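Here is the structure we will look at.
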Amino acid sequence: MRDTVEIDFGWECPYTGRNLKKSFEDADGSYDTDHIYPQNREWCGLNVKGNLVLVDKKANNKKKGMDIDTFMLTDSDFWTELGIDKAERIARLEKIKKFQSKCGYDPEKIRAVVSPILKHRYDEIRAEQEKYIRDTLDALSCVGINTTMKNPIVTTKLASGSLSDTTIT
């Protein structure tokens, strides 16, 4: 991370321009490591150089799970309070994209490859989970506990006659 913030961004937060050198050296907790493209099913951001940057903690808290384009190009009170206009944000965004290109990080290519793999695996896991639930309900039925399954709720009729709902996540 140090080489990225030092060499590629001159110790500046790529989002806000805030100097991070003293904060980094003092380890004062006012900075974070951020995924330029988030690690979620939509963006499939990776933990690699080209997608990780050291940023101002307040900026990272505002960005949350947004992709970099949405964060940098959407007008908000955050940008107004910092006095950073859209032209400056566009320039910063271009610098971030050049950094990613230099590192060989292509978010669209990564999404095109990783997203279908993740979706397939998610579907497999979901099917396995449903099979285990059905097997468990069958086993409960064998010992006299009546159950019904309406995804994702399992209603169990206890021997006493009372009903119990369990949410499966």
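Predicted model only: the values in this text are computed from it and were never measured.
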Pairwise side-chain contact, [X] with [Y], heavy-atom cut-off 4.5 Å (strictly under):
X	Y	answer
K49	D8	yes
I36	Y105	no
D69	Y37	yes
L20	E12	no
V55	F9	no
V53	V5	no
K63	I68	yes
S23	K57	no

Q. Would you call E94 and K98 a salt bridge, taking side-chain N to carboxylate O under 4.0 Å as the test?
A. no
Q) Are D135 and K131 within salt-bridge range, i.e. N to O under 4.0 Å? A) yes
Considering all heavy atoms of both residues, which atom of [X] and which atom of [Y] are nearest to each other, and what is their separation?
X	Y	answer
C13	D56	SG-N, 3.3 Å
Q100	N51	NE2-OD1, 3.8 Å
S30	R18	OG-NH2, 2.8 Å

Got a second to check how far [X]'s [atom1] is from [Y]'s [atom2], nearest 0.5 Å?
X	Y	atom1	atom2	answer
M72	K97	CE	NZ	10.5 Å
D75	T80	CG	OG1	7.0 Å
I7	K102	CD1	NZ	6.5 Å
F78	T16	CZ	OG1	6.5 Å
D77	K62	CG	NZ	8.0 Å
K22	D28	NZ	CG	8.0 Å

Q.
Going by the rule salt bridge (charged side-chain N to carboxylate O under 4.0 Å, His left out), which residues pair with E81 if we only count those two or more places apart in sequence or in a different chain?
A. none
Q: Report the residues that fulfil ring-ring contact (aromatic ring centres under 6.0 Å, His included) with F71, sequence neighbours left out, ordered by chain and then residue number.
A: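 By the ring-ring contact (aromatic ring centres under 6.0 Å, His included) rule, F71 matches Y15, W79.
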In this structure, would [X] and [Y] fall into the same cluster of hydrophobic residues linked by side-chain contacts under 4.5 Å?
X	Y	answer
V48	I96	yes
L137	V143	yes
Y132	L140	no

Q | Expected output: side-chain N19 to main-chain K21 donor-acceptor under 3.5 Å | A |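 Side chain of N19 to backbone of K21: a pair is present.
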